[in-house]
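Reviewing the structure listed below.
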Amino acid sequence: MTNLLEDRINQLKQRVNKMKENGKFFYLKTVENASESRVIIDGKEKIMFASYNYLGLIDHPRLKEAAMKALEKYGTGTSGVRLLSGTTKMHEELEAKIAEFKGAEAAITYTSGYVTNLATITSLYQRGDLIVMDKIDHASIIDGCILSGARHKTFLHNDMNSLERILVDSDDFVNKIVIVDGVYSMEGDVANLPEISRLAKKYNAKVMVDEAHSIGVLGKTGHGIEEHFGLKNAVDIHMGTLSKTIPSVGGYIAGDKDMIDYLRHNSRPFIFSAPLPPVTAAVAKAALEVIEDEPERIENLRKNMKKFRTGIRSMGYNIGESITAIVPLIVGNEEDTLELCKMVNDEGVFICPIIFPAVPKGTNRLRSHVLATHTDEDIEEALDIFERSGKKLGII
Ligand code: PMP
């Protein structure tokens, strides 16, 4: 092992050990029951504010029943890649459902959202192409761009002048695309899709949107960012995960049929790696059906988002531009962030700190996630804990 690597390992070890010694290591916590609105952690019940289970589908009977049926019918896995022997009817049904849900011609699935971004970007873009990204796009988009070999440029977060400054100078590139998150996972704000789409059309670029945090959250019926803005055909490549609102695992791309066919025969994680087990595909399909059949979940989420955001903002917390289920409590320095996190966790709210380098220095934060299944009492109790802790620490 080189000294440089030893140094890196030691630096990380010291940082983690310091947090652990001070009782301020909040990562890798074991959740002892279904990850619903109240969870058991370290033997204590806590109100869950750290989950992406936005619509509360994790424990839904229809999803469990779909899983059992698929298990009975297909067994536990596929023992083969999709192209050869690994495609089941369940995969086809899920992809047809995703395409219908997103109003697209076709869809393809991969084993995670992360892999989906890597697979798609590397397959569609290469040296000589241009990818334009928001500065705070998800790591899997950034990694896909790096791996693709395409030229990539970043614009300032959700800043349309900054985006246009790049596009106006992009005539040398024929194959170009703007890739953004629908909802930014550290901020809880929404990509300015109307402007992004207008600029992309003006400069002949395609648009890809990662809807990891917008499916089930944005739009009156939870169909995502185009529904939220009342737009059609603003997005060329719809990307999403099956691991958040849809409580399974995997990721998808929906779009036009020729592009999806191309991905089926060209993207390396599809060709050289085994697919979702049919059980997880069945759960994902059932989840999409439940989102459509139980609109009251989205209404509840919306009501809870408003109640929590209004409450937390009125206490004086800085929540940035959040308008979604992700509400960051931006504290600033790392010490206060970890101290606040310890206080609220000790009082009974499970929440995680997001610190540098996941966010820029000086913008360390707690990231809260509102769920459709939070009751009024859950939210009121959590608000009370955030208020008492924030005041005690002198940050509000
Ligand atoms: N995109 C975004 C915006 C995400 O937040 C995440 C997960 N944190 C992913 C992609 C990756 O999804 P998965 O966990 O399904 O790999």
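Atoms within each ligand, like the ligands themselves, are counted from 1 in listed order. No hydrogens, no waters, no symmetry mates; every other heavy atom, side chains included, goes into these values. Nothing here was measured: the structure is a model prediction, and the numbers come from that model.
- Judged by distance alone, the side chains of K135 and T154 never bring a donor and an acceptor atom under 3.5 Å apart.
- Among protein heavy atoms, the minimum distance from atom 9 (C) of ligand 1 is reached at H138 CE1, 3.4 Å.
- For ligand 1, the polar-atom distance check finds an N/O of G113 within less than 3.5 Å of one of the ligand's N/O atoms.
- Taking the ring centre of F350 as origin, the terminal cationic atom of K46 falls outside the region bounded by 6.0 Å and 45° from the ring axis.
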Practice problem: Could you check H91 against R82 for side-chain contact (heavy atoms from CB on, under 4.5 Å), going step by step and ending with a plain yes or no? | Solution: CA-CA 9 Å; H91 294 100; R82 288 282 297 276; 3.7 Å; yes

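- Close to ligand 1: S140, with a non-hydrogen atom less than 4.0 angstrom away.
- If you check the side chains of H223 and E292, you find a donor sitting under 3.5 Å from an acceptor.
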Quiz item: Between E211 and K102, is a salt bridge (Lys or Arg N to Asp or Glu O under 4.0 Å) present by the stated rule, with each step listed?
Solution: CA-CA 11 Å; E211 297 226 56; K102 289 307 302 171; 2.6 Å; yes

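- Annotation for ligand 1: atoms under 4.0 Å from non-hydrogen atoms of A212 are 1 (N), 2 (C), 3 (C), 4 (C).
- Checking each of T373, V217, V370 against Y54 for a side chain to side chain contact (heavy atoms under 4.5 Å, CB included) leaves exactly one that passes, namely V217.
- Atom 5 (O) of ligand 1 has H213 NE2, 2.7 Å as its closest protein atom, hydrogens excluded (heavy atom only).
- Within ligand 1, counting atoms from 1 as listed, the ones closer than 4.0 Å to a heavy atom of D181 are 3 (C).
- Numbered from 1 in the order shown, with element, the atoms of ligand 1 that lie under 4.0 Å from a heavy atom of Y114 read 11 (C), 12 (O), 13 (P), 16 (O).
- In terms of polar-atom proximity, defined here as any N/O pair under 3.5 Å, K244 does make such a contact with ligand 1.
- Remark: the D143 side chain and the S140 side chain contain no N/O donor-acceptor pair separated by less than 3.5 Å.
- Listed by atom number, the atoms of ligand 1 under 4.0 Å from S243 heavy atoms are 13 (P), 14 (O), 15 (O).
- At a 3.5 angstrom cut-off on N or O pairs, D210 counts as close to ligand 1.
- The shortest N or O to N or O distance between T241 and ligand 1 is not below 3.5 Å.
- By the 4.0 Å N-to-carboxylate-O rule, E164 lies close enough to K202 to be salt-bridged with it.
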